[in-house]
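Just below is one structure, and these are the notes that go with it.
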There are 2 protein chains.
Amino acid sequence: MSPYDPTAYPPFAVTVDLVVLTVRSHALCALAVRRGEAPHEDRWALPGGFVRTEENLAQAAARELAEETGLRAQQGAGASPAGTSAPYGGTSGAHLEQLATYGDPGRDPRMRVVSVAHLVLAPDLPTPRAGGDARGARWAPVGELLDARNPEPLAFDHGRILADGVERARSKIEYSSLATAFCPPEFTVGELRRVYEAVWGVALDPRNFHRKVTGTPGFLVPAGGTTTRQGGRPAQLFRAGGATLLNPPMLRPEV
Amino acid sequence: MSPYDPTAYPPFAVTVDLVVLTVRSHALCALAVRRGEAPHEDRWALPGGFVRTEENLAQAAARELAEETGLRAQQGAGASPAGTSAPYGGTSGAHLEQLATYGDPGRDPRMRVVSVAHLVLAPDLPTPRAGGDARGARWAPVGELLDARNPEPLAFDHGRILADGVERARSKIEYSSLATAFCPPEFTVGELRRVYEAVWGVALDPRNFHRKVTGTPGFLVPAGGTTTRQGGRPAQLFRAGGATLLNPPMLRPEV
DNA sequence: GATCTTAGTCGTCTGCCTGACGATAAACGC
DNA sequence: GCGTTTATCGTCAGGCAGACGACTAAGATC
């Protein structure tokens, strides 16, 4: 077979962009970096970078994630649309799954760039160092980043990508146990509830929530201790169980 | 701003591949084409092709779809992961949404190719003509294409892509009204039920199904006639209503 | 040390939805 | 007419979620 004629197809650059979500102080936050180079120099954007020749898409996303946050990724089913979380028992890894691909001709003024966005769900982390070509990095509440009146909207089409990632996270914690990816290895029912409340932006009944999560087989396993770090009566500590799919799902209240 | 230095990133080719699903004679079928050129010449594959410079990903998918089937696509929310169907009132267009992106380094022996797979749901169509560089085209039951004992498995990683697309379709008709995309503009409750049965590969209770779909506001609107094309008592004809999300969802029986 | 505040946990009740049917209706072929 | 096929309406029991009462156990405050 002869080598493929490179004039027969248009050349593209392929990047990965990351929507890294976490919950801190009762708000859903995303990782944003301040760009250190053109285009959109000095504007906030999602972390990301070019895919290298020898790596696949998930590896590129994991590499960028490690470079920006030091997080090891627990990959879901890779490119699989219904990316299920790999079984794990409370390591400090974050959940990583492919989100969607964005390739409009004008989205990057330099050249034709196709970006494969990935979604990362991580427990609360310290403020990241600015890595690589970024001038700064911060956790920003998604409501603020997506606010149409924000004087510093995200660069490129990253606002759209972030919105898609947030919507994916919101719907996915309904029918999977992925909300535990926002929690430390051991957590209480109340902490898990505050994750749902922050991601959905609603208040949930503590009693019904407790009944639901403790009554779903395989969702939570007791870790054997208690904590009072939230104040009030000591709460039992749990670890994420092996179950990945919630059936019946956790219902998101209407409006 | 100076033009971007093309030596600073590795060049990729970007393609779209299509998982085109339909229901014919009670079986979920996918469109397969016989390749007319290397690599994998004469093997069955999913339809697809290179993305052109001036078009976005959804446009490329719609163009390939038209070239292979003559179908006009009703695009969902494009790259949006929760691609919702555009509102429409019974045209002959098919549903199109982005599925996932596949970019392992060795997936195409010619060069580094990143493929943005799209999912198309279409009503029953005549056997397509072989378009472009294909030697042939056919509707094949997905169970047959994905059977590990099939002596003619799909080329490249198209088996994996097809499996992901089928799983997406199976889960999506649970909580959306997308099953109507498999039906002609006017259809009966029984025809819709046979779509669910073919996609899920299960038998559903006609009485409970009827109660569910007619009781969900906005799912179906009466078209004002009846038909006996399925034999038996005449059935009311319906059109797809405006609702896209089914809440509560249609439950897929276990096992 | 009594009391207040904050959370966590266990129960109860009611309404909605689903699954498993029975029964009836309206066409067709013989 | 009679059996067959498909559509459509009803009934009933069980499961689950929302609303909410009651009790428990820690730290904070007076």
Side-chain angles (χ1 to χ4, degrees), chain A residues 25-26 173-175 183 186-198 200 202-239 243 245-255, chain B residues 25-26 173-175 183 186-198 200 202-239 243 245-255:
Chain A
S25 55
H26 292 208
I173 65 174
E174 284 189 79
Y175 59 89
C183 294
E186 296 194 349
F187 53 89
T188 70
V189 173
E191 288 165 345
L192 184 62
R193 175 169 49 83
R194 278 180 282 276
V195 164
Y196 276 91
E197 291 179 332
W200 285 345
V202 298
L204 300 176
D205 186 291
R207 298 157 291 190
N208 292 336
F209 184 86
H210 189 276
R211 177 182 62 190
K212 174 68 178 175
V213 296
T214 57
T216 300
F219 191 4
L220 300 181
V221 295
T226 61
T227 181
T228 62
R229 61 183 170 222
Q230 299 292 333
R233 170 175 162 180
Q236 241 189 302
L237 284 170
F238 292 91
R239 231 183 276 278
L245 252 54
L246 257 47
N247 205 314
M250 177 88 59
L251 292 181
R252 172 162 31 164
E254 339 236 326
V255 187
Chain B
S25 54
H26 292 209
I173 64 174
E174 284 189 78
Y175 58 89
C183 295
E186 295 195 350
F187 53 90
T188 70
V189 173
E191 289 165 345
L192 184 62
R193 177 169 48 81
R194 278 179 281 276
V195 164
Y196 275 91
E197 291 178 332
W200 285 344
V202 297
L204 299 176
D205 185 292
R207 296 158 290 186
N208 292 336
F209 184 86
H210 190 276
R211 177 182 60 190
K212 174 70 177 172
V213 298
T214 57
T216 300
F219 191 5
L220 301 181
V221 294
T226 61
T227 180
T228 61
R229 61 184 168 218
Q230 299 293 334
R233 169 177 164 180
Q236 239 188 304
L237 284 169
F238 290 91
R239 231 182 278 277
L245 252 53
L246 256 48
N247 205 315
M250 178 89 58
L251 292 181
R252 169 161 37 162
E254 335 238 327
V255 185

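Residue numbers start from 1 in every chain, and the chains themselves are labelled A, B, ... in the order their sequence lines are given, proteins ahead of strands. Source: prediction; values computed, not measured.
The distance between atom CE of B:M250 and atom P of C:dT18, rounded to the nearest whole Å, is 9 Å. Between the P atom of D:dG14 and the CG atom of B:L251 lies a distance of 19 Å, rounded to the nearest Å. For the pair B:L204 CG and D:dT6 P, the interatomic distance rounds to 15 Å; values are reported in whole Å. Between the CG atom of B:N247 and the P atom of C:dC16 there is a distance of 15 Å, rounded to whole Å. Atom pair B:L237:CG and D:dT6:P shows a separation of 17 Å (rounding to whole Å applied). The nearest whole Å value for the distance from the CD atom in B:Q230 to the C1' atom in C:dA25 is 18 Å. Distance, A:L246 CG to D:dC16 C1': 14 Å, rounded to whole Å. At whole-Å resolution of the value, CG in B:N208 and P in C:dG22 are 13 Å apart.
The residue among B:P249 and B:D205 whose nearest nucleotide of DNA chain C lies closer to the 5′ end is B:P249. Position along DNA chain D of the nearest nucleotide to A:P248 versus B:Q236 favours B:Q236 as the more 5'-ward residue.
Distance from the side chain of B:T228 is smallest to C:dA27 among D:dA7, C:dA27, C:dT9. Among the nucleotides D:dA25, C:dA26, C:dC10, the one closest to the side chain of B:P234 is C:dA26.
Between B:H210 and D:dA7, a side-chain N or O to OP1/OP2 separation shorter than 4.0 Å is absent. B:K212 has a side-chain polar atom (N or O) that falls below the 4.0 Å cut-off from OP1 or OP2 of C:dT18. Regarding contacts with the backbone of C:dT12, every side-chain N or O of A:R211 stays at 4.0 angstrom or more from both OP1 and OP2.
Between B:F209 and B:Y196, the ring centre distance stays below 6.0 Å.
In this structure a side-chain-to-backbone donor-acceptor pair under 3.5 Å is present from A:T188 to A:E191.
Between B:L204 atom CG and B:M250 atom CE the span is 8.0 Å, to the nearest 0.5 Å.
Residues A:R194 and A:C183 have side chains not in contact (no heavy-atom distance under 4.5 Å, counting atoms from C-beta outward). Under the 4.5 Å side-chain criterion, counting only non-hydrogen atoms from C-beta, B:F238 is not in contact with B:V221. Taking 4.5 Å as the limit, every side-chain heavy atom of A:T227 sits out of range of all side-chain heavy atoms of A:P234. Side-chain contact between B:L192 and B:L220: present, with at least one pair of heavy atoms (C-beta onward) separated by less than 4.5 Å.
At the heavy-atom level, B:R229 lies nowhere under 4.0 Å from the strands shown.
Recorded end-axis angle for the helix from C:dG1-D:dC30 to C:dC30-D:dG1 stands at 10°, based on five pairs per end and rounded to 10 degrees.
Considering every non-hydrogen atom in both B:A243 and B:P217, the closest pair reads CB-O, 4.0 Å.
Judged by distance alone, with hydrogens and angles left aside, A:R193 brings no side-chain donor or acceptor close enough to the base of C:dG8 to form a pair under 3.5 Å. In the interface, the side chain of B:R233 is not paired with the base of C:dA26 through any donor and acceptor atom under 3.5 Å apart. Side-chain atoms of A:R207 stay outside donor-acceptor range of the base of C:dT9, with no qualifying N/O pair under 3.5 Å.
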